[in-house]
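First comes the structure, then the notes that go with it.
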There are 2 protein chains.
Amino acid sequence: MRSDKGDLKARARIRNAALELFGAEGATGVSLRAVAARAGVSHALVLHHFGSKEGLRKECDAYVISLVRGGPGVEALEDTAGLAAMLEAAGPVRRYLGRAFMDGTPEAAALYDEIVEATERWLEQGVAEGWARPSQDPRARAAIYVTWLLAPLAFGEHLSRVLGVPDPHDMDATLRHSRAGIEIFTGGVFADDRALTAWEAVRKERRAR
Amino acid sequence: MRSDKGDLKARARIRNAALELFGAEGATGVSLRAVAARAGVSHALVLHHFGSKEGLRKECDAYVISLVRGGPGVEALEDTAGLAAMLEAAGPVRRYLGRAFMDGTPEAAALYDEIVEATERWLEQGVAEGWARPSQDPRARAAIYVTWLLAPLAFGEHLSRVLGVPDPHDMDATLRHSRAGIEIFTGGVFADDRALTAWEAVRKERRAR
DNA sequence: CAGTTGGCTGACCAATTGGTTATCATCCTG
DNA sequence: CAGGATGATAACCAATTGGTCAGCCAACTG
């Protein structure tokens with residue numbers, strides 16, 4: 001019933017409009033009428049196609065997630081290639097993905113878990129092969145690693161402003177803060193163990209209670 | 001007797017309720033009536049005190065920011081509960097702060113800039129004193145550092161879920177991922193320069209175009 | 001050609017929203 | 001006790017929201 005190209009056009013237009021608006025303002029802050037207006041259709045048509053606002057949101061989720069998961073002929077997430085591709089993908093999609101993670105939809109949560117899982121295996125392999133350092137808590141490290149890669153999605157606006165780049169999703173800004181991130185991932189920030197020992201002290205004091 | 005917060009002035013009760021709800025769902029997704037209900041007052045009183053929803057939001061911003069800046073908050077002194085109230089408020093305040101950064105209010109932006117600025121100077125000093133590694137792009141590094149520290153505010157829900165801790169703002173979860181973060185900040189993740197050289201390759205290829 | 005189907009719409013609906021106003025209940029203070 | 005301030009509310013309002021419905025219209029299909 002929906003394999004026709006004729007209806008896919010309208011559906012796609014609405015979905016793209018929703019993607020942009022939801023990503024920019026958050027789903028709760030955008031009315032169906034706003035989406036419809038941007039897609040150049042009546043708001044009733046949005047309901048006609050997606051049943052409800054929630055239905056539209058889910059379809060956006062599914063679409064974006066499929067983009068992240070499925071590159072051209074790529075199998076499931078074996079490494080962070082999908083994520084890396086995602087970070088280079090189009091602005092609206094990125095923005096939407098960031099929102100989805102922040103708003104904590106079940107689908108986004110599942111994707112997050114998947115990415116962390118893959119990253120943990122990837123880093124484990126790296127440790128075995130010698131190009132990654134061992135960790136005292138590999139799972140937590142993988143989780144933090146992923147979270148940090150995602151961070152610019154949430155705070156990209158501030159990041160670009162601080163770096164003096166007008167567009168939060170400008171490629172040059174992305175490249176620049178990527179470099180800084182990789183620098184930290186490669187050599188760290190601190191030259192000694194003072195932060196680590198400070199953490200130990202906090203934990204010890206907390207345990208004492 | 002009415003409730004545990006019965007002693008607090010209505011104004012503070014409303015502000016605290018708004019803090020919790022706005023932080024949890026985002027300001028646009030929470031109605032004034034919901035705030036009023038949580039504070040145990042009529043929704044008209046919210047308007048009476050704060051003029052408008054935007055006024056309430058700004059007051060929340062100002063309050064949270066004053067807490068972050070560490071200065072003696074005006075209302076903080078009125079809350080006789082002292083430290084206990086402070087710790088209890090810590091969770092909601094953190095959540096709210098994360099939302100404020102994500103939603104990009106002007107006040108939050110200014111605070112962000114301030115923090116990055118201070119961090120950059122701090123790291124610069126660290127480099128001079130030898131406990132921080134030099135960076136090729138100190139400003140970008142400071143921005144990324146701050147952004148990464150803030151990341152758990154945005155993705156704390158996923159982080160705690162992946163670590164198997166029920167409450168996203170549980171102290172133990174915070175402690176655990178903090179440790180992983182400090183580990184990275186201290187020693188990095190990668191044992192060689194392959195990520196760095198890969199980045200260089202990407203930049204070069206991009207420049208060629 | 002008649003008829004069915006499905007994309008598409010305007011008009012409508014009940015519920016909810018942020019905001020206003022008139023009013024009431026205190027509580028000081030003169 | 002009079003009489004403002006101040007705190008708080010119920011009733012109301014216009015606008016907007018997500019969702020429904022009957023029906024238009026173009027394209028297939030018999």
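Residue numbers start from 1 in every chain, and the chains themselves are labelled A, B, ... in the order their sequence lines are given, proteins ahead of strands.
We find that CD1 of I14(A) is positioned 12 Å from C1' of dT9(C), with the value rounded to whole Å. A straight line from NE2 of H48(B) to P of dT9(D) spans 10 Å, rounded to a whole angstrom. L32(A) places its CG atom 20 Å from the P atom of dC13(C), with the value rounded to the nearest Å. Atom CZ in F50(A) sits about 15 Å away from atom P in dG18(D), given to the nearest Å. Between the CZ atom of R33(A) and the P atom of dG19(D) there is a distance of 11 Å, given to the nearest Å. One can place CG of L45(B) at 15 Å from P of dT20(C), the figure rounded to the nearest angstrom. With rounding to whole Å, R11(A) atom CZ is found 11 Å from dC8(C) atom P. Atom P of nucleotide dT17(D) and atom CG of L47(A) are separated by 13 Å, given to the nearest angstrom.
Under the 3.5 Å distance criterion, the side-chain polar atoms of W148(A) are left unmatched by any main-chain donor or acceptor of A143(A).
Each of dG19(D), dT17(D), dT9(D) was ranked by its minimum atom distance to the side chain of A44(B); first place goes to dT9(D).
Among the protein residues, V30(B) comes within range of the sugar-phosphate backbone only, with heavy atoms under 4.0 Å from sugar or phosphate atoms but none that close to a base.
Comparing G51(A) and S31(A) by the nucleotide of DNA chain D that holds the closest heavy atom to each, the one mapping nearer the 5' end is S31(A). For the pair E54(B) and S42(A), nearest-nucleotide mapping onto DNA chain C gives the more 5' position to S42(A).
The residues E25(B) and R99(B) are annotated as not salt-bridged, no charged nitrogen and carboxylate oxygen being separated by less than 4.0 angstrom. A salt bridge is defined here as a Lys NZ or Arg NE, NH1 or NH2 lying under 4.0 Å from an Asp or Glu carboxylate O, and E117(B) with R139(B) meets this definition. R176(B) has a carboxylate O that lies under 4.0 Å from a charged side-chain N of D137(A), or vice versa, which qualifies the two as a salt bridge.
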How far apart are the C-alpha atoms of K204(A) and E200(A), what are their side-chain angles, what is the distance that settles it, and do they pass the salt bridge (Lys or Arg N to Asp or Glu O under 4.0 Å) test? CA-CA 6 Å; K204(A) 212 156 253 173; E200(A) 297 285 356; 5.8 Å; no

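At a cut-off of 3.5 angstrom, the base of dG7(C) holds no donor-acceptor pair with the side chain of H49(A). The base of dG19(C) sits within donor-acceptor range of the side chain of H43(B), with an N or O pair under 3.5 Å.
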